[in-house]
Amino acid sequence: MNLFADIKTLVLSALDAMVAEGVLPAGLNFANVAVEPPRDAAHGDMATNAAMVLAKPAKMKPRDIADALAAKLTDDPRIVTAEVAGPGFLNLRLDPALWLKLLPEILKLGADFGRSTIGQSRKVNVEFVSTNPTGPLHVGHARGAVFGDALASLLDFAGYIVTREYYINDGGAQVDVLARSVFERYREAMGLEPEIVEGLYPGDYLIELGKAVKERYGDSLIDQPESVWLADLREFSTDAMMDLIREDLAAIGVKMDVFFSEKSLYGTGLIEAAIGDLDSKGLIYQGTLPPPKGKLGEDWEPREQTLFRSTSHGDDVDRPIKKSDGGWTYFAPDIAYHYDKIQRGFDELIDVFGADHGGYVKRMKAAVSALSDGKVPLDIKLCQLVRLFKDGQPFKMSKRAGNFVLLRDVVDLVGRDVTRFVMLTRKNDAPLDFDLAKATEQSKDNPVFYVQYAHARVHSVLSKAGKPSDESLTGADLSLLTNPAEVSLIRKLAEWPRLLELAATHHEPHRIAFYLFDLASEFHALQHMGKLDPSLRFLRDDAPNCTTARLAMIRSVAVVISAGLGILGVTPRNEMR
RNA sequence: GCACCCGUAGCUCAGCUGGAUAGAGCGCUGCCCUCCGAAGGCAGAGGUCUCGCGUUCGAAUCGCGACGGGUGCACCA
């Protein structure tokens with residue numbers, strides 16, 4: 001139930017009627033007609049821009065259209081008044097009962113209130129995290145993980161069929177480096193001095209792995225050349241690292257549907273098939289790239305390579321897909337991987353990358369555009385850096401893993417829910433300052449707490465009232481909810497389905513976090529009013545019917561907070577103590 | 001040099017497919033607890049939405065150009 005959508009439908013049908021009656025010319029495009037909550041509550045319940053949008057194409061004055069539309073709309077019992085205002089806005093005041101009917105709806109649907117069908121069961125693949133399996137996840141990865149997971153939940157809620165996917169970069173040179181690093185730790189476990197030379201992974205987390213290698217292979221590898229052990233250790237190590245990564249993901253509440261191995265692409269003909277597909281479209285050729293401008297290419301020399309004509313799909317330069325030794329570049333398996341996703345029948349693809357991969361966006365979009373003939377949209381969301389602070393001071397905790405703070409460290413320090421919520425209180429493409437002290441602080445300065453606190457307060461009031469069931473609350477006489485602050489709160493609840501659809505279409509889960517903060521704010525204000533004016537208290541011994549109505553209202557607040565937090569992957573709390 | 005992201009209150013940031021008087025938190029000033037959780041609430045001060053030009057009935061939002069900050073720029077992923 002989306003009131004805004006309902007009223008928009010009403011407006012559109014009124015416009016159709018006006019066309020049929022000759023008031024408006026035929027052939028108008030109503031796509032830009034919107035029905036929105038007004039910025040100022042004094043303007044009414046909803047506003048539509050229809051008259052202004054249509055004035056020019058209809059060659060009429062906005063006011064004339066607005067007047068005619070207003071007359072039409074007030075014929076509907078749901079519209080109490082329709083007033084023309086400002087440059088041509090039509091401010092609508094709705095039958096108050098319409099808002100009130102929302103509450104039993106929320107109580108009945110529970111966490112499903114706001115669920116949408118705009119996704120039309122389209123299959124969408126959300127690829128995120130996708131790190132090299134060479135170590136534990138750090139905070140930067142955590143942001144991508146939380147963002148991707150929340151986005152996936154959001155899309156699911158909006159009616160998409162979602163697959164959460166992790167692309168394991170286990171086919172490149174870094175996993176060889178990992179194997180060599182582990183070999184040194186193996187030597188260490190054997191009582192020898194490890195040589196962690198420049199370029200190897202220095203992290204302590206490999207020490208255990210070295211011991212595990214000793215357990216498994218004894219001293220059989222110790223004097224052997226790399227050619228003997230590299231492949232084995234590579235597999236052994238990447239498997240172990242993926243176990244580690246899976247544990248990290250679990251710690252932050254992320255569960256992938258698919259782990260897709262880059263290595264598995266080799267030898268199956270998939271890369272050849274993907275490149276062949278591009279070749280058949282005339283997008284593969286032998287050529288020489290121009291030198292990059294400005295950045296003086298010290299060691300640059302002209303080189304003929306196999307290139308993908310990505311410029312024909314929006315890229316700036318064509319991209320090499322083969323190295324001069326004949327092997328594939330890293331780009332080729334990536335193309336094949338996305339080719340595979342398309343083959344698997346996804347209608348939409350989303351990749352979540354770190355901001356440092358920004359330069360990679362155009363070529364990847366070009367590849368997907370070419371492979372799918374422009375039919376499968378690829379959206380690439382870049383997550384900016386996370387800067388950690390503690391009490392305002394930059395926070396560095398790098399005992400275990402070189403220069404990075406681990407995801408584990410943060411989760412251990414502030415908890416999964418707090419980590420997730422904080423990561424989502426910023427737009428993905430804005431840098432995030434994460435103060436670990438503030439995140440656990442119990443004050444309004446901390447949005448996590450503030451939202452959870454509202455939920456806990458509702459729970460507290462309901463407990464005092466003897467925990468009435470949602471069924472018993474649906475029968476409340478809601479016409480008793482007449483205070484402007486109450487009406488405003490209910491209106492806020494009515495925005496939830498609309499907000500959700502906007503967040504889903506924009507791929508922006510952070511909007512949910514901000515909405516929940518606003519909702520909590522309205523709730524806190526209302527609860528406080530009860531302190532100033534006892535007649536506004538939720539629980540009134542002298543007016544049981546009013547109490548029931550207010551309980552229905554605040555229970556609805558809790559339901560929506562709970563649903564919103566659920567999408568963000570945060571567990572609502574019933575008490576803060 | 002090129003590409004992408006960003007530029008909104010003293011600070012950190014929201015701002016919907018372009019809409020009405022640009023919002024929140026922190027900080028600052030002043031209020032509000034015998035009373036459902038004051039871990040809260042209310043009010044005030046604080047703005048040339050970096051700048052310029054353009055599109056439009058209307059621009060923080062769209063386009064172009066500056067300026068400032070971040071990221072990335074051939075056979076590494």
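Quick note on labels: first sequence line is chain A, next is B, and so on, each numbered from 1. Note that the structure is a prediction, hence the values are computed from the model and not measured.
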> With the sugar-phosphate defined as primed atoms, P, OP1 and OP2, and the base as all remaining atoms, what B/S/- string results for nucleotides 8-16 of chain B, 5' to 3', for protein heavy atoms under 4.0 Å?
----SSSSB

> Let me know the distance between NE2 of A:H524 and P of B:G25, rounded to the nearest Å.
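It works out to 12 Å between those atoms.
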
> Answer yes or no: does a side-chain N or O of A:K444 lie under 4.0 Å from OP1 or OP2 of B:G25?
yes

> Decide whether a cation-pi geometry holds between A:R363 and A:F308; the criteria are a distance under 6.0 Å from NZ or CZ to the six-membered ring centre and an angle within 45° of the ring axis.
no

> Answer with base, sugar-phosphate or nothing: what part of the nucleic acid does A:E441 contact at a heavy-atom distance below 4.0 Å?
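Nothing, no heavy atom under 4.0 Å.
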
> Examine A:K323 relative to A:W328 and say whether NZ or CZ is less than 6.0 Å from the centre of the six-membered ring and inside a 45° cone about the ring axis.
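Because its charged atom misses either the 6.0 Å distance or the 45° angle limit, A:K323 does not stack over A:W328.
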
> With a 4.0 Å cut-off on heavy atoms, is A:L499 in touch with a base, just the backbone sugar-phosphate, or nothing at all?
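Nothing: the residue A:L499, judged by heavy atoms under 4.0 Å, touches no strand.
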
> For side chain to side chain donor-acceptor pair (under 3.5 Å), just list the numbers for A:D533 and A:S535, CA-CA rounded to whole Å, side-chain angles, deciding distance to a tenth of an Å, and then say yes or no.
CA-CA 5 Å; A:D533 178 354; A:S535 75; 2.7 Å; yes

> Determine, for A:F538 and A:R550, whether the Lys NZ or Arg CZ falls below 6.0 Å from the six-membered ring centre while staying within 45 degrees of the axis.
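No, a cation-pi geometry is absent between A:R550 and A:F538.
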
> Heavy atoms under 4.0 Å, any strand shown: does A:Y360 hit a base, just sugar-phosphate, or nothing?
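No contact.
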
> In Watson-Crick or G-U wobble terms, both distances under 3.5 Å, what is the partner of B:G72?
B:C2

> Tell me if B:C33 is syn or anti. Syn = glycosidic torsion within 90° of 0, anti otherwise.
syn

> Measuring to OP1 and OP2 of B:C4, would you say a side-chain N or O of A:K362 lies under 4.0 angstrom away?
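True: A:K362 side-chain N/O within range (under 4.0 Å) of B:C4 OP1/OP2.
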
> State the pairing partner of B:A43; accept Watson-Crick or G-U wobble contacts with both distances under 3.5 Å, and report none otherwise.
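Pairing partner: B:U29.
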
> Whom does B:C67 pair with, Watson-Crick or G-U wobble, provided both distances fall under 3.5 Å?
B:G7

> Does a side-chain N or O of A:K56 approach OP1 or OP2 of B:C57 to a distance below 4.0 Å, or not?
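Yes, such a contact exists.
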
> Is any NZ, NE, NH1 or NH2 atom of the basic residue among A:R511 and A:E508 found under 4.0 Å from an Asp or Glu carboxylate oxygen of the other?
yes

> Please name the nucleotide paired to B:C36 by Watson-Crick or G-U wobble geometry with both distances under 3.5 Å, or report none.
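Check on B:C36: unpaired, no WC or wobble geometry under 3.5 Å.
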
> Pick base, sugar-phosphate or nothing for A:K322, based on heavy-atom distances below 4.0 Å to the nucleic acid.
nothing

> Quick one: label A:V361 by what it contacts on the DNA or RNA (base, sugar-phosphate, nothing), any heavy atom closer than 4.0 Å.
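Counting heavy atoms under 4.0 Å across all strands, no contact is made by A:V361.
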
> According to a cutoff of under 5.5 Å between the ring centres and under 30° between the ring planes, does A:H528 stack with the base of B:G40?
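Here the ring of A:H528 and the base of B:G40 are not stacked, as the 5.5 Å and 30° limits are not both satisfied.
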
> Rounded to whole angstrom units, what separation is found between the CG atom of A:D315 and the C1' atom of B:A74?
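Distance, rounded to whole Å: 13 Å.
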
> Would you state whether a donor and an acceptor, one from the side chain of A:N91 and one from the base of B:A20, lie under 3.5 Å apart?
yes

> Any ion pair linking A:K438 and A:D445 (charged N to carboxylate O, less than 4.0 Å)?
yes

> I'd like to know if A:K61 and A:D67 make a salt bridge, using a cut-off of under 4.0 Å between side-chain N and carboxylate O.
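Looking at A:D67 together with A:K61, the answer is no, because their closest N to O distance does not fall below 4.0 Å.
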
> What is the base-pairing partner of B:U61, counting Watson-Crick and G-U wobble geometry with both distances under 3.5 Å?
none

> So, A:K492 and A:E495, do they make that salt bridge, N to O below 4.0 Å?
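Salt bridge: yes.
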
> Using a 4.0 Å heavy-atom cut-off across all strands, classify A:G530 as base, sugar-phosphate, or nothing.
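Base contact.
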
> Which one is paired to B:A14, where only Watson-Crick or G-U wobble pairs with both distances under 3.5 angstrom count?
none

> Touch check for A:P87, heavy atoms < 4.0 angstrom, all strands: base, sugar-phosphate only, or nothing?
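Base contact.
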
